[in-house]
Amino acid sequence: MDRESSSDEEEDRQNLIDPNETKPARSSFEIEEFKNKISHRFKNFSFSKRYLFFICLPLVLVFFFFSVDVGSLFRRVSSIRVDSASSRMREAELQALYLLRKQQLGLLNMWNVTSSYSIVYSENKSNSTSNSTSNSSSNSGLEREDLLRSSSLFDDFRSGVLKQITLNKEIQQALLSSHRIGNLSALVDDSVNHEFDDFRFDRCRTVDQMSERRTIEWKPKSDKYLFAICVSGQMSNHLICLEKHMFFAALLNRILVIPSPKVDYQYSRVIDIDHINKCLGRKVAVSFEEFSETKKNHLHIDRFICYVSLPQLCFVDEEHIKKLKNIGLSTAKLEAAWVEDVKEPKERTLEDVKAKFSSNDDVLAIGDVFYSKVEQDWVMQPGGPLAHNCKTIIEPNRLIRLTAQRFIQTFLGKNFIALHFRRHGFLKFCNAKKPSCFFPIPQAADCITRVVERANAPVIYLSTDAAESETDLLQSLIMPNGKAVPLVKRPSRNSAEKWDALLYRHGLEGDSQVEAMLDKTISAMSSVFIGASGSTFTEDILRLRKDWGSASVCDEYLCQGEQPNFIAEDE
């Protein structure tokens with residue numbers, strides 16, 4: 001093997017040409033061999049051109065990029081496509097603006113027509129009110145109710161028109177925002193009807209009820225007293241009874257004696273007796289303590305003329321008579337002024353009262369007058385029947401009013417709905433009425449939701465005696481426009497919260513009557529109130545709202561005008 005390899009090397013060296021040697025002339029055989037070699041190499045070169053192309057391509061591209069504005073080239077190509085789509089979109093938007101403009105003009109014409117109808121409704125309402133004094137109370141009441149219902153429906157219609165106009169303008173503004181270039185914005189009138197822009201339609205506006213009042217002067221004789229006796233129902237009933245006693249005292253020219261807390265509620269904790277005297281500008285009411293100090297030598301009811309005769313005289317039982325005797329007050333024999341049943345009270349006039357209850361005796365009592373019906377239109381007017389310089393005579397004391405204001409500032413804000421949701425013991429009471437006033441919670445939630453949508457209030461203050469199972473279900477069902485509206489109740493006493501500090505410092509916390517009056521006060525300050533039909537708690541709130549000027553056109557009883565969709569059988 002070694003010899004073979006060495007011989008090959010020697011042969012190769014012999015085949016090498018010395019560069020110093022002269023090249024010999026090629027033979028024809030050699031020339032032909034040379035051609036064959038060139039042809040072979042050319043084939044190899046054509047095969048390598050592919051590799052050369054891939055090597056040179058990036059260099060060419062780099063050169064092309066720096067020598068030509070490629071970005072502008074692509075922009076020109078894309079702009080051809082985009083411009084055509086943009087022009088079509090712009091044309092569609094301008095067409096939409098044109099159609100919205102036509103719709104807006106039509107809606108504004110409808111709005112102008114409703115404005116003229118609104119004036120007619122106001123005139124009809126005032127005429128109905130003025131004519132109601134000459135008509136019977138039942139007929140005039142039905143007429144007013146029909147008028148208010150139709151007026152409410154008309155307000156709903158106006159509200160709907162206004163919402164559509166507002167929505168129309170918002171759509172126009174959204175479409176116009178992309179065309180505020182050059183003269184394009186001039187294609188749409190952006191400032192149509194400036195008077196309408198400044199108009200604010202309050203669907204649940206307050207009711208101005210303090211127009212002309214029919215009043216009587218309360219100028220009592222200094223030595224003549226009317227002893228107030230109120231026994232029916234809870235505090236709300238007693239306050240209504242006390243208010244009616246004031247009217248009787250004014251008719252009979254007597255000073256009203258507020259009942260003792262030993263036989264009745266402690267009124268001084270919820271109302272301000274001095275406020276009554278300040279409103280009248282004279283001494284018209286005294287506490288029992290002041291009365292007993294004046295009459296300490298003769299603490300006696302000289303005459304007991306009963307306004308109510310059935311089911312019992314003066315609507316006073318033996319137990320109450322004993323309570324009066326226990327505080328040192330003796331009474332005369334009870335006598336009936338007329339036949340008067342609390343279940344069927346009769347309409348009485350001012351002259352009827354004066355004829356039956358006028359007396360020269362120093363101290364007079366007429367018993368419970370909660371069910372009395374004397375000059376109802378006069379008594380129920382805003383501010384009451386008495387001439388005074390206040391908004392209302394019987395109102396929560398200042399501590400309760402301030403506490404209510406602080407609670408509203410803490411939890412509710414200016415715009416809120418108040419709901420008196422009476423449940424405990426109300427089922428049997430309502431089902432005894434025709435129609436019933438006790439509604440299933442889903443139906444009640446639907447009614448409340450409609451009011452919330454109309455009032456556009458973010459929160460509801462809940463005054464209720466219902467169980468949590470009922471209020472939790474009610475909360476879950478009140479979803480106007482798919483958005484939950486929280487039900488807010490007064491929280492338990494918390495030292496970290498200061499809204500109720502005034503009550504705590506004056507020893508009024510934990511008093512059920514103070515808390516009830518606080519609930520009334522908060523509700524009376526609401527934007528809209530939903531009450532419980534048949535409840536005197538609700539009626540007292542409505543009285544305060546009417547007298548304070550906070551009553552709204554959206555105020556109503558729960559599910560007013562409806563009947564429960566299910567009523568249980570009687571026992």
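With sequence neighbours excluded, no residue forms a salt bridge (Lys or Arg N to Asp or Glu O under 4.0 Å) with Glu539. In terms of the salt bridge (Lys or Arg N to Asp or Glu O under 4.0 Å) criterion, Arg406 has no residue partners (sequence neighbours excluded). Scored by the salt bridge (Lys or Arg N to Asp or Glu O under 4.0 Å) test, Arg214 finds Glu375 as partners (sequence neighbours excluded). For Phe288, the ring-ring contact (aromatic ring centres under 6.0 Å, His included) criterion is met by no residue, not counting sequence neighbours. Under the rule for a side-chain contact (heavy atoms from CB on, under 4.5 Å), the partners of Ile240 that lie at least two apart in sequence or sit in another chain are Lys244, Phe370, Thr536. For Phe315, the ring-ring contact (aromatic ring centres under 6.0 Å, His included) criterion is met by Tyr371, not counting sequence neighbours.
A side-chain N or O of Gln234 and one of Tyr265 form a donor-acceptor pair less than 3.5 Å apart. For the residue pair Asp540/Ser236, the side-chain donor-acceptor check at 3.5 Å is not satisfied. Donor-acceptor pairing under 3.5 Å is lacking for the side chains of Asp446 and Thr449. Side-chain N/O atoms of Asp368 and Tyr307 include no donor and acceptor closer than 3.5 Å. For the 3.5 Å distance criterion, the side chains of Thr403 and Asp500 fail to qualify, holding no donor opposite an acceptor. His420 and Thr538 share a donor-acceptor pair across their side chains, judged by distance under 3.5 Å alone. Using modelled atom types and a 3.5 Å distance limit, the side chains of Gln405 and Trp499 yield no donor-acceptor pair. A donor-acceptor contact closer than 3.5 angstrom links the side chains of Glu562 and Gln443.
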* I would like to know whether Phe407 and Tyr461 meet ring-ring contact (aromatic ring centres under 6.0 Å, His included); could you show each step before the answer? => CA-CA 11 Å; Phe407 179 86; Tyr461 177 67; 5.6 Å; yes
* Asked: Between Leu503 and Val514, is a side chain to side chain contact (heavy atoms under 4.5 Å, CB included) present by the stated rule, with each step listed?
  -> CA-CA 9 Å; Leu503 300 182; Val514 172; 4.2 Å; yes
* **Worked verdict on Val308 versus Leu313 for side chain to side chain contact (heavy atoms under 4.5 Å, CB included)** => CA-CA 6 Å; Val308 173; Leu313 287 175; over 6 Å; no
* Asked: Under the side chain to side chain contact (heavy atoms under 4.5 Å, CB included) criterion, do Phe291 and Ser260 qualify, and how do the steps go?
  -> CA-CA 10 Å; Phe291 167 74; Ser260 168; over 6 Å; no
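His245 and Ile366 make their closest contact through NE2-CG1, 3.9 Å (heavy atoms, listed as atom of the first residue, atom of the second, distance). Minimum interatomic distance between Leu299 and Ile327 (heavy atoms only, all atoms of both residues): CD2-O, 3.9 Å. The heavy-atom pair separating Ala457 from Asn415 by the smallest distance is CA-ND2, 3.6 Å. The heavy-atom pair separating Pro396 from Trp548 by the smallest distance is CD-CZ2, 3.9 Å. For the pair Cys554 and Val528, the tightest heavy-atom approach, listed with the atom from each and the gap, is O-CG1, 3.7 Å.
Between Arg543 and Asp547, at least one side-chain N (NZ, or NE/NH1/NH2) sits under 4.0 Å from a carboxylate O, which counts as a salt bridge. A salt bridge links Arg423 with Glu470: at least one charged nitrogen is closer than 4.0 Å to a carboxylate oxygen. Salt bridge annotation for Lys283-Glu290: present, with a cationic side-chain nitrogen under 4.0 angstrom from a carboxylate oxygen. A salt bridge does not link Asp272 to Lys278: none of the charged side-chain nitrogens sits closer than 4.0 Å to a carboxylate oxygen.
The backbone N or O of Ile305 sits nowhere less than 3.5 Å from a side-chain atom of Lys356 that would complete a donor-acceptor pair. No donor-acceptor distance shorter than 3.5 angstrom exists from the side chain of Arg205 to the backbone of Ser552, with no hydrogens or angles considered. Side chain of Ser523 to backbone of Ala418: no donor-acceptor contact under 3.5 angstrom is found.
Cation-pi geometry between Arg493 and Tyr504 is met: under 6.0 angstrom from the ring centre, within 45 degrees of the axis. A cation-pi arrangement, defined by a distance under 6.0 Å to the six-membered ring centre and an angle within 45 degrees of its axis, is present between Arg348 and Trp338. Under a cutoff of 6.0 Å and an axis angle of 45°, Lys520 and Phe537 form a cation-pi pair.
Contact check for Leu226 versus Phe248: side-chain heavy atoms found under the 4.5 Å cut-off. Residues Asn253 and Pro220 form no side-chain contact, since every pair of their non-hydrogen atoms from C-beta on lies 4.5 Å or further apart.
Taking a 6.0 Å sphere around NE2 of His298, one finds it holds more than 12 heavy atoms contributed by other residues, nucleotides or ligands. No more than 12 heavy-atom neighbours from other residues, nucleotides or ligands sit within 6.0 angstrom of CD on Gln409. Residue Lys219 places its NZ atom among 12 or fewer non-hydrogen atoms of other residues, nucleotides or ligands, all under 6.0 Å distant.
In summary, the aromatic rings of Phe411 and Phe416 are positioned with their centroids too far apart to meet the 6.0 Å limit.
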